[in-house]
Protein chains: 2
Amino acid sequence: MTEAQPEGAKRKGGAKKAPPRFSREQADVRRSMLIEAAARCLSVGGIGAFTIDRICKEAGVSRGLINHHFESLDGLLVEVYKSSLYASVNNQIAEAKRRRAETSDWPPEAALAALVQSNFAPEYFSRENLLIWLSLWGEIAVNPRLKEAHRELYDAYRAELAEDIAAVAVQRDKQVDAPALARNFIALVDGLWLEWCLDESVVTPQAAEAAGFEMLEAQVGPLRDS
Amino acid sequence: MTEAQPEGAKRKGGAKKAPPRFSREQADVRRSMLIEAAARCLSVGGIGAFTIDRICKEAGVSRGLINHHFESLDGLLVEVYKSSLYASVNNQIAEAKRRRAETSDWPPEAALAALVQSNFAPEYFSRENLLIWLSLWGEIAVNPRLKEAHRELYDAYRAELAEDIAAVAVQRDKQVDAPALARNFIALVDGLWLEWCLDESVVTPQAAEAAGFEMLEAQVGPLRDS
DNA sequence: TCTCTTGTTGAACGACCGTACAACAAGAGA
DNA sequence: TCTCTTGTTGTACGGTCGTTCAACAAGAGA
């Protein structure tokens, strides 16, 4: 496969030239391809499968390309982590803000309910990302740069959630420690997701969603219809 | 250090023989030493530090000893995981049972409160074990043998917790889904512990304990004094 | 003191790791 | 069509990995 194909390629009498052996991509495009391939390796085999050989094979490129586009393999790992963090947390915040901006006449409980439900959508509440998040957490605990990124993103998400909680509480004249409740809610979601990933017989995504709503409703009253 | 010491060792005229180059241990003792050293490596450097060289150096033995006492490095990893699982989960269950057996005249809420509090004791609610648990969870997701061990232990712990919850609920004439509440409580504890490990500014162990009690008290009534 | 069992050692091996780098060629612009 | 830029390739290298195994020696029993 790596061998140059001699027959037909250099032939003068033939009509066609040999097909290109590879295609050139813009640096940004290739970087994204490598980050996605690396994330796939990480999610399937954990950090043990995060090697130059496997990632390049997964991306369909040669061994030298990672060190051309990234300072090192660790640099790629950091990019994968950043990408995962932004993809999950930032997206949820952006969606919440968009909902509130587009439909400013929504009742506060509708915005909060939508934000709660998004946590349990298959896109986020997915077993696929377990190994990525486990190694990501392990790296956050060790790498100050990632710790800072994690702190900022989670603070932003927690603040967004607390804001939505407070809006409901204020309207209903309830005394609620919104930041603490938001923090506990996130912990509950993470814990339930983890339990579900490790043993799917313990809890279903539906039961997890119900538990999440129950925690909030115990303090701010009903959030769901019916 | 690895060099044999020629002077003084083989000397015939001297009074003393050379000191032993190593000490022989019973297989069980040596296995435990290796498991503990391996756990130390894992907790400090994550799965990346789980290598023959580092573990043997940590244990103060030669490179060949791991493969003598364990079928492979993976076999040692499984033993470390089993040891961690049993040490944390089984201990809590045993303590709970012992409390109930020794002091059968305790009110049910005292037993439940003690079980709740044990989760937040420094022994368990410790940042030291983060990297061990992250890699352990990653292995549980992949290794059927460990998945089974995890399921059994967590089922037992959840059942113990649910039993204590139900005892309080029955005495107080409250309708409670004890198994679901126990499952949610464990998820909350795991989630808060994780948040605390990753960013200690988010929550303190005291606040985490308060959140745990609040979740239970919302359904079964007061559990703490005052 | 001697013998024997067996826990322990440490070198050797092949496999795989991440990185560096010289050669190559794709494709845009002249 | 030709030139030049630069994305891409693939080999080579030193280091580390897990495993094997022949030799060694600690220490109990005779």
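Quick note on labels: first sequence line is chain A, next is B, and so on, each numbered from 1.
At least one donor-acceptor pair under 3.5 Å links the side chain of Y81(A) to the backbone N or O of S135(A). A donor-acceptor pair under 3.5 Å is absent between the side-chain atoms of S83(B) and the main chain of E79(B), judged by distance alone. Within the 3.5 Å criterion, the main-chain N or O of A87(A) finds a donor-acceptor partner in the side chain of N91(A). In this structure, R31(A) contributes its side chain and H69(A) its backbone to a donor-acceptor pair below 3.5 Å.
DNA chain D is contacted by F50(B), T51(B), I52(B) of residues 37-52 of chain B, taking any non-hydrogen atom closer than 4.0 Å. Of the residues in residues 61-84 of chain A, V61(A), S62(A), R63(A), G64(A), L65(A), H68(A), H69(A) come within less than 4.0 Å of DNA chain D through at least one heavy atom, sorted by number.
Applying the side chain to side chain contact (heavy atoms under 4.5 Å, CB included) test to S126(B) and every residue at least two apart in sequence or in another chain returns E128(B), N129(B).
In this structure, K57(B) atom NZ and dC17(D) atom C1' are separated by 16 Å, rounded to whole Å. Between the CG atom of D28(A) and the P atom of dG7(D) there is a distance of 11 Å, rounded to whole Å. The CG atom of L34(A) sits 14 Å away from the P atom of dG18(C) (whole-angstrom rounding).
Under the 4.5 Å side-chain criterion, counting only non-hydrogen atoms from C-beta, L136(A) is in contact with I140(A). The shortest side-chain heavy-atom distance between I52(A) and N67(A) falls under the 4.5 Å cut-off. Under the 4.5 Å side-chain criterion, counting only non-hydrogen atoms from C-beta, L198(B) is not in contact with Y154(A).
In the model, D199(A) has a side-chain atom that pairs as donor or acceptor with a side-chain atom of S201(A) under 3.5 Å.
Classification of the W133(A)-W137(A) ring pair by plane angle, with boundaries at 30° and 60°, yields tilted.
Salt bridge E195(B)/R183(A): absent, no basic N to carboxylate O contact under 4.0 Å.
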Check nucleotides 26-30 of chain C for protein N or O atoms closer than 3.5 Å to its own N or O atoms and list the pairs.
residue : atom : partner : partner atom : Å
dA26(C) : OP1  : R21(A)  : N            : 3.2
dA26(C) : N3   : R24(A)  : NE           : 3.3
dA26(C) : N3   : R24(A)  : NH1          : 2.8

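E25(B) comes within 4.0 angstrom of sugar-phosphate atoms only, judged by non-hydrogen atoms across all strands, and of no base.
For residues 194-216 of chain B, the ring-ring contact (aromatic ring centres under 6.0 Å, His included) pairs, not counting sequence neighbours, are F125(B)-W196(B).
Taken to the nearest 0.5 Å, the CZ atom of R98(A) stands 13.5 Å off from the CD1 atom of I93(A).
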With both pairing distances under 3.5 angstrom for Watson-Crick or G-U wobble, and | for a partner in another strand, the correct string for DNA chain C is ||||||||||||||||||||||||||||||
